[in-house]
Amino acid sequence: MKKILSIDGGGIRGIIPALVLAEIERITGKPISEIFDLVAGTSTGGILALAFGKDNGQGNPKYSAKDLVELYEQEGNKIFPRSLWQDINTVGGLADEKYSRQGIDAVLASYFGNDLLGSCLTHTVVTAYDIEQRKPLFLKSWRAEHQSVKILDAARATSAAPTYFEPVQLVIDRQPRVLIDGGIFMNSPSVSAYVEALRIFPEEKDFLVLSLGTGELDRRIPHEDAKNWGTIGWLRPLLSCVFDGVSDATNYQMSLLLDSNYYRLQTRLERAASDMDNASKENIEALKAEAVTLIQNHQDDIQRLCSIL
């Protein structure tokens, strides 16, 4: 049986799947790159996917899931720095990207250095979207023309969420690309991960997919608010609707495709803010509490899953 891990996008909410995976590593006693034959991610999920595949230089994973929980705890405010001047200058992200790329670039550089995508310890794929060619791009660690892409560049591309960060310019296979967050077309990449696995392992008959969410959005959009919105009014809410709707549709499709071999671990955000960029200490603690609730509510699924893994 080939085992596939898919991790949704969601900005700072990526701490939720990181904590779930820390629990899986604790129970199994094995690192994620050893457990799964293919790891896929979008946006923050893409950063996690790439981090799990990073080699420590001796053929072992550099980071555990627990290490990556600390990424959100310690680096969140560097990626999403709170600045009244930035909010005023960008009109809250409406007139320019909400955050400078300097913070996220520095964090990714410290975690990934100059390692290349082809060095990942397991098959790894992250999503991005090329706004010049107007088509999706799946950056794959096993694909020859992608193997020389720096991991940090792949991480920046998959997490360049519109209105939050500027697009990323890369040259891939001697071709210039202008890339943004893959969540605009695939916030939950489990279907694509499954299709890729079918191609990579053509002789395999059995597949297991674990799909991890970053918390369902619970912020209603009342008709009275939305009925008079124009472009500016819809900008941020529309992005969240796209991310959430795509994830729900993908979950339905995977349930039909794999039935009992598909595990979806997701939780409704009841205490934490759904904002992708709320890296306040209070919200980090609330997100951790949401993850604890998710793990408790899915304890049977996690135990069953770990017995297979």
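This structure is a prediction, so every number in the text was calculated from the model and none was measured. Numbering starts at 1 and runs along the sequence shown.
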Under 3.5 Å, is there a donor-acceptor pair between the side chain of [X] and the main chain of [Y]?
X	Y	result
Asn77	Pro81	no
Asn278	Ser280	yes
Arg13	Thr214	yes
His146	Ser141	no
Thr124	Thr122	yes
Asp55	Ser119	no
Glu290	Glu270	yes
Ser307	Arg304	yes
Ser110	Val107	yes
Lys288	Asn283	no

First locate atom [atom1] of [X], then atom [atom2] of [Y], and finally report the distance between them rounded to the nearest 0.5 Å.
X	Y	atom1	atom2	result
Lys54	Tyr111	NZ	OH	12.0 Å
Leu294	Gln299	CG	CD	10.5 Å
Leu21	Ile7	CG	CD1	5.5 Å
Glu285	Lys281	CD	NZ	7.0 Å
Leu265	Ile302	CG	CD1	5.5 Å
Leu108	Leu71	CG	CG	8.0 Å

For a quick check under 3.5 Å, do [X] and [Y] share a side-chain donor-acceptor pair by atom type?
X	Y	answer
Asp181	Tyr129	no
Ser188	Asp8	yes
Ser64	Asp67	yes
Tyr72	Thr44	yes
Arg264	Ser190	no

task: Check step by step if salt bridge (charged side-chain N to carboxylate O under 4.0 Å, His left out) holds for Arg177 and Asp130.
output: CA-CA 6 Å; Arg177 313 298 291 262; Asp130 190 322; 2.6 Å; yes
Evaluation steps, ring pair (Phe, Tyr, Trp, His ring centres under 6.0 Å), between Phe36 and Phe52: CA-CA 10 Å; Phe36 293 97; Phe52 286 126; 8.9 Å; no
- prompt: Looking at Phe201, is Lys2 sitting on its ring face, NZ or CZ under 6.0 Å from the six-membered ring centre and within 45 degrees of the normal?
  reply: yes
query: How far apart are the C-alpha atoms of Thr158 and Ser43, what are their side-chain angles, what is the distance that settles it, and do they pass the side-chain hydrogen bond (donor to acceptor under 3.5 Å, both in side chains) test?
result: CA-CA 5 Å; Thr158 192; Ser43 194; 5.9 Å; no
- prompt: For Phe112, which residues count as a ring pair (Phe, Tyr, Trp, His ring centres under 6.0 Å) partner, sequence neighbours excluded?
  reply: none
field: Close side-chain approach of Pro167 and Ile131, heavy atoms under 4.5 Å
entry: yes
query: Given side chains that start at C-beta, do those of Leu116 and Ile151 come closer than 4.5 Å, heavy atoms only?
result: no
Residues Glu196, Lys140: salt bridge by 4.0 Å N-O rule: yes
- prompt: Among Lys150, Arg156, Lys78, which one satisfies salt bridge (charged side-chain N to carboxylate O under 4.0 Å, His left out) with Asp105?
  reply: Arg156
